Amino acid sequence: MGSVSIVHWLITISIAGAIAFPVSMVLRKAGFSPWWALVSLVPIVNWIALWAFALVRWPTEKSSDA
């Protein structure tokens with residue numbers, strides 16, 4: 001069996017950052033905590049969270065009670 005070197009960890013962390021950083025920016029603009037971006041790194045759970053955020057009322061969304 002091979003071992004995981006530091007290069008593999010650096011690649012993994014950079015890919016996770018490349019995914020989580022833009023997701024956290026979108027969540028912040030939508031009015032949610034950017035820490036929810038960590039959910040985007042968990043398989044299957046990220047799809048559930050995507051649907052939940054798409055269907056829930058966003059805090060920055062203006063009310064349509066006009």
Side-chain angles (χ1 to χ4, degrees):
M1 260 193 251
S3 63
V4 180
S5 69
I6 189 72
V7 175
H8 293 102
W9 282 111
L10 291 174
I11 291 171
T12 302
I13 291 170
S14 64
I15 290 173
I19 293 169
F21 182 70
V23 170
S24 69
M25 291 174 56
V26 169
L27 288 169
R28 187 178 301 127
K29 287 181 181 181
F32 294 106
S33 171
W35 286 101
W36 280 103
L38 295 176
V39 174
S40 68
L41 303 175
V42 181
I44 305 300
V45 177
N46 58 6
W47 284 97
I48 296 168
L50 178 67
W51 277 95
F53 283 121
L55 297 175
V56 74
R57 183 178 188 90
W58 291 9
T60 58
E61 188 176 28
K62 296 185 179 189
S63 64
S64 60
D65 296 337

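It should be emphasised that the depicted structure is a prediction, and the values quoted were computed from it without experimental measurement.
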With a 3.5 Å cut-off and sequence neighbours excluded, list the donor-acceptor pairs that the side chains of residues 4-13 form with protein atoms.
unit_1: Ser5; atom_1: OG; unit_2: Val7; atom_2: N; d: 3.4
unit_1: Ser5; atom_1: OG; unit_2: His8; atom_2: ND1; d: 2.9
unit_1: His8; atom_1: ND1; unit_2: Ser5; atom_2: N; d: 3.3
unit_1: Thr12; atom_1: OG1; unit_2: His8; atom_2: O; d: 2.8

Please test Asn46 against Leu50 for side chain to side chain contact (heavy atoms under 4.5 Å, CB included), starting from the C-alpha separation and ending with a verdict. CA-CA 6 Å; Asn46 58 6; Leu50 178 67; over 6 Å; no
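- Between the side chain of Trp58 and the main chain of Phe53, a donor-acceptor pair closer than 3.5 Å is present.
- Each of Val45 and Ile19 belongs to its own hydrophobic cluster when Ile, Leu, Val, Met, Phe, Trp and Tyr are linked at side-chain heavy-atom distances under 4.5 angstrom.
- Dense packing is recorded around CG of Leu55, with more than 12 heavy atoms of other residues, nucleotides or ligands lying under 6.0 Å away.
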Mind listing the side-chain donor-acceptor pairs of residues 30-43 below 3.5 Å, one per line with the distance, residues two or more places apart or on another chain?
unit_1: Ser33; atom_1: OG; unit_2: Trp35; atom_2: N; d: 3.3
unit_1: Ser40; atom_1: OG; unit_2: Ala37; atom_2: O; d: 2.4

